[in-house]
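Okay, structure first, notes after.
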Amino acid sequence: MTRVHPVVAIYPGSFDPITKGHEDVARRSLVIADRVLVAVARTASPAKSELFGVEERLEMVEEVFRDDDGIEACRFEGLLVDFAREVGAQFVIRGLRAVSDFEYEFQMAQMNRELWSGAETVFLTPDQKYSFLSASLVREVSRLGGDVSRFVSEPVLRHLRKISGE
Ligand code: PNS
């Protein structure tokens, strides 16, 4: 069905770096949205130590989705709800891997709605084979010299190799 107004979704995150689990969620989002904006947050949570700066994280997202129609990479700073309003997004996508994700995600969804009553969050689950996967584990395994080639796509591997001096 062709819609008169395309349905736009934002899939926000730190994406430090983007994993195959993130990719899976972004591609699944196309079932419910015509355009999916994979939005890299400039300011990640202060509790998180960054591996890549925002420009490089964005570059990896662009490279990973180069051939995916309907998926676009962008970055944002400030509040997610302000960005969502600015780009006319109908909803925010977040991935839920396990029950343990739920509390944080629920809190964020509710806070976003407090900030803007129009904020709707849709949760999608990645393929089960990615249910254990997180960017923080990829960072750690990669930093300690482990093989992360099953967990991230080739462009991300290239960036990881570059920083480890290979
Ligand atoms: O991949 P992450 O780190 O779980 O993503 C969290 C992110 C970036 C989506 C969240 O921290 C966010 O939306 N940051 C933007 C600032 C903001 O709006 N904070 C209030 C969220 S309730």
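Residue numbers count from 1 along this sequence. First listed ligand is number 1; within each ligand, the first listed atom is number 1.
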Pairing residues for Glu140 by the salt bridge (charged side-chain N to carboxylate O under 4.0 Å, His left out) criterion, not counting sequence neighbours:
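So Glu140 forms no salt bridge (charged side-chain N to carboxylate O under 4.0 Å, His left out) with any residue.
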Within 6.0 Å of CD in Glu103, more than 12 heavy atoms from elsewhere:
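Open: at most 12 neighbouring heavy atoms sit under 6.0 Å from CD of Glu103.
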Quick test of your reading: applying ring pair (Phe, Tyr, Trp, His ring centres under 6.0 Å), list the pairs with at least one residue in residues 126-149, sequence neighbours left out, ordered by first then second residue.
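Sorted pair list: Phe132-Phe151.
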Would you mind running through ligand 1 and noting each atom that sits below 4.0 Å from a heavy atom of [X]?
X      : answer
Phe76  : 15 (C)
Met111 : 22 (S)
Tyr104 : 4 (O), 6 (C)
Ala41  : 8 (C)
Asn112 : 21 (C), 22 (S)

List the steps and the verdict of side chain to side chain contact (heavy atoms under 4.5 Å, CB included) for Thr19 and Leu137.
CA-CA 10 Å; Thr19 69; Leu137 280 181; over 6 Å; no
Side chain or backbone of Ser14 under 4.0 Å from ligand 1, or both, or neither, by non-hydrogen atoms?
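Contact part for Ser14 vs ligand 1: both backbone and side chain.
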Using a 4.0 Å heavy-atom cut-off, say whether Tyr11 meets ligand 1 through its side chain, its backbone, both or neither.
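No part of Tyr11 comes within reach of ligand 1.
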Per the side chain to side chain contact (heavy atoms under 4.5 Å, CB included) rule, which among Glu56, Glu62, Met60 passes with Leu58?
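Of the listed options, the one satisfying the test is Glu62.
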Cluster overlap Trp116 with Leu79, hydrophobic side-chain contacts below 4.5 Å:
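Both belong to a single hydrophobic cluster.
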Does the pair Glu105 and Arg97 meet the rule for a side chain to side chain contact (heavy atoms under 4.5 Å, CB included), with working shown?
CA-CA 11 Å; Glu105 294 300 333; Arg97 290 164 298 189; over 6 Å; no
Can an N or O of Leu80 be found at a distance shorter than 3.5 Å from an N or O of ligand 1?
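Checking ligand 1 against Leu80, an N or O pair does fall under 3.5 Å apart.
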Looking at ligand 1, does any of its N/O atoms fall within less than 3.5 Å of an N/O of Arg94?
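Yes, there is a polar N/O contact under 3.5 Å.
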Going by heavy atoms, is Gly78 under 4.0 Å from ligand 1?
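Right, Gly78 reaches ligand 1.
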